[in-house]
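As structure tokens, the structure follows; a few thoughts come after it.
Proteins come first, then strands; the chains are lettered A, B, ... in the order of their sequence lines, and each starts at number 1. Predicted model, so just to flag it, every value in this text is computed and none were measured.
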Amino acid sequence: MSIPEHVLVVGASAAGLTTAEALRRKGFGGRLTLLGAEDAAPYDRPPLSKQVLSGAWEPTRAQLRTADALDALDAEFLLGDPAVALDAGRRSVRTAFGAAVTADAVVVATGLRPRELPGQDGLRGVHVVRTVADALALRSDLLGAGRVVVVGDGVLGAETAATARSMGPAVYLVGPQPAPMTGQLGPLAAGHLADLHRRNGVALRTGVLLDALLSRDGAVTGVRLSDGEELPADVVVAAVGCSPATDWLADSGLVLDDGVVCDARCRAAEGVWAVGDVARWHHRGLGRLLRLENRTNATEQALAVAGDIMGEDRPYVPVPYFWTDQYDVKVQVFGLLSAESRAEVVAGDPAEGRFVVRHEGPRGPVGVLGWRMPKQTRLHRASIVDHYTRPLENAAP
Amino acid sequence: MKITVDEEKCCGAGQCVLIAPEVFDQRDEDGIVVLLDAEPAAEHHGLVRESASVCPAAAIHLDEA
Ligand SMILES: Cc1cc2nc3c(=O)[nH]c(=O)nc-3n(C[C@H](O)[C@H](O)[C@H](O)COP(=O)(O)OP(=O)(O)OC[C@H]3O[C@@H](n4cnc5c(N)ncnc54)[C@H](O)[C@@H]3O)c2cc1C
Ligand code: SF4
């Protein structure tokens with residue numbers, strides 16, 4: 001395949017912008033167009049549930065690049081106009097305002113859309129957290145709130161509960177797992193996280209689902225849980241996961257199955273790539289399809305996609321990584337942990353509130369988790385690289 | 001090339017250290033980036049640009065003048 005003359009990136013956030021930058025850095029001199037649904041200049045999402053929500057940062061601080069750096073990219077930005085259809089064969093995209101853009105290469109970088117709670121639509125006081133507007137709307141409601149219920153015990157729910165608590169109100173964190181983030185951290189660290197939340201005054205409700213939102217006169221008044229308990233609330237946060245933003249691709253001819261399905265080089269079709277939270281690609285080291293919802297993947301996969309567009313022709317085989325900041329604790333996870341893997345403390349001491357845990361699977365170490373020990377955690381990452389990058393032997397094709 | 005880092009934005013991911021260990025390190029206690037060489041030799045420039053681009057906090061700024 002020859003190097004394209006015009007690259008169109010749909011989705012102008014972490015993954016899309018980094019793809020564009022990496023293309024230029026790798027010497028792409030052709031035409032570059034970025035199409036984005038949001039009006040704002042590209043910004044970063046991790047600070048939204050942390051510094052932007054707490055008010056420690058002005059929202060502009062979360063911008064990914066300065067205006068000068070965006071200018072230097074020599075790209076055409078079409079912002080505030082979402083793509084509504086792709087013809088993958090012709091590599092042509094249509095927008096909500098009726099523009100049509102045809103390119104030699106199309107990169108899908110449209111990320112995720114938060115799931116809503118049943119009955120949430122139109123109800124005052126119920127919030128999701130995905131965009132800067134979401135974060136600011138939640139912040140303004142939290143400032144006057146007495147009681148907050150966060151529904152969802154994954155990373156976003158746990159982080160939002162921590163930040164909300166630091167702003168004053170009483171906070172409940174509700175979810176189906178035995179402890180928040182058990183699926184992502186494993187039982188040992190998740191137990192420490194539960195303690196951390198309790199010590200900071202968050203009330204946990206574990207092993208329960210939301211049964212219904214309670215409301216009066218169009219405003220939320222609380223929640224009822226699956227065990228029958230009712231919790232009053234002025235503010236409810238829906239942190240029950242996200243779905244890939246692929247509705248606009250329904251008639252594109254691309255394979256959609258929990259994301260845009262791609263090969264090992266993140267190609268979804270001839271001349272079409274997917275990158276970031278929306279991409280479900282074949283991870284050669286693991287021998288299966290994988291979709292990651294984390295910040296580091298957005299940039300690393302962007303480099304891989306830009307490289308492939310420029311003809312580097314290498315599979316994308318990253319070691320997954322994410323971090324979360326809650327209260328004064330930074331948790332970092334390299335690899336994919338599971339409840340079945342055996343966890344062993346390899347540095348520090350949980351009793352002292354700083355430690356590194358290694359998770360062992362049947363074929364050797366699969367993950368490293370650090371609790372307030374960033375440097376040591378990174379050093380232990382070396383022990384799991386093989387698991388993700390060495391080709392699978394005897395694996396089914 | 002002149003490098004500056006924004007310690008307040010840095011989230012201690014250490015991606016920069018993985019890519020360019022001769023230019024970046026991390027503090028022991030909190031993982032925040034430590035700039036070992038603010039004006040690295042030309043042979044490191046490629047990896048430094050990659051670090052800046054991969055940094056998940058957009059905390060590494062390059063002045064290429
Ligand atoms: C509140 C919050 C906190 C987070 N904290 C962490 C963290 O601590 N650590 C971590 O590793 N990760 C974190 N993440 C995850 C991380 O931010 C994401 O992995 C990252 O943003 C993915 O980037 P992306 O570019 O793939 O997708 P997105 O950032 O979702 O960007 C997709 C863009 O595409 C646009 N778009 C969607 N549909 C269309 C369309 N039809 N046409 C045009 N444009 C469209 C969207 O408006 C959006 O701007 C957090 C996420 C959130 C929301
Ligand atoms: S990659 Fe960025 S966020 Fe990570 S340690 Fe380096 S400067 Fe900090």
### Message
Parallel, tilted or perpendicular, judged at 30° and 60°: which one describes the rings of A:Phe355 and A:Trp371?
### Response
parallel

Under 4.5 Å to a heavy atom of chain B? For A:Arg25 that would be side chain

Under 4.5 Å to a heavy atom of chain B? For A:Gln376 that would be side chain

Check whether any side-chain N or O of [X] sits under 3.5 Å from a backbone N or O of [Y] as a donor-acceptor pair, and report yes or no.
X	Y	answer
A:Arg24	A:Asp74	yes
A:Arg65	A:Pro42	no
A:Arg390	A:Gly285	no
A:Arg139	A:Leu53	yes

Hits for side-chain contact (heavy atoms from CB on, under 4.5 Å) against A:Thr110, two or more places apart or cross-chain, chain-then-number order -> A:Val10, A:Val108, A:Ala245, A:Trp248, A:Val278

Grab the two heavy atoms, one from [X] and one from [Y], that are nearest each other, plus how far apart they are.
X	Y	value
A:Pro350	A:Val345	CG-CG2, 3.9 Å
A:Pro59	A:Val52	CA-CG2, 4.4 Å
B:Val23	B:Val48	CG2-CG2, 3.9 Å
A:Leu337	A:Val368	CD2-N, 4.2 Å

Checking heavy-atom separations under 4.5 Å from chain B, one finds in residues 320-332 of chain A A:Tyr321, A:Trp323, A:Lys330, A:Gln332

Checklist entry - Can you check side chain to side chain contact (heavy atoms under 4.5 Å, CB included) on B:Gln26 and A:Arg378, steps first, answer last? => result CA-CA 10 Å; B:Gln26 282 179 287; A:Arg378 175 177 52 75; 2.4 Å; yes

Cut-off 4.5 Å, heavy atoms of chain A, and the answer for B:Asp25 is side chain

*asked:* Any heavy-atom pair between the side chains of A:Thr60 and A:Tyr43 that's under 4.5 Å?
replied: no

Side-chain heavy-atom pair B:Leu36, B:Phe24 within 4.5 angstrom cut-off
no

Within residues 7-14 of chain B, contacts to chain A at heavy-atom distances under 4.5 Å involve B:Glu8, B:Lys9, B:Cys11, B:Gly12, B:Ala13, B:Gly14

Checking heavy-atom separations under 4.5 Å from chain A, one finds in residues 52-62 of chain B B:Ala52, B:Ser53, B:Val54, B:Cys55, B:Pro56, B:Ala57, B:Ala58

Of A:Asn294, A:Leu17, A:Thr18, A:Leu303, the largest count of non-hydrogen pairs under 4.5 angstrom with chain B goes to A:Leu303

Here the gap from A:Tyr316 atom OH to A:Leu290 atom CG, rounded to the nearest 0.5 Å, amounts to 9.0 Å

- Message: Quiz question: by atom type and distance under 3.5 Å, do the side chains of A:Gln51 and A:Arg61 form a donor-acceptor pair?
- Response: no

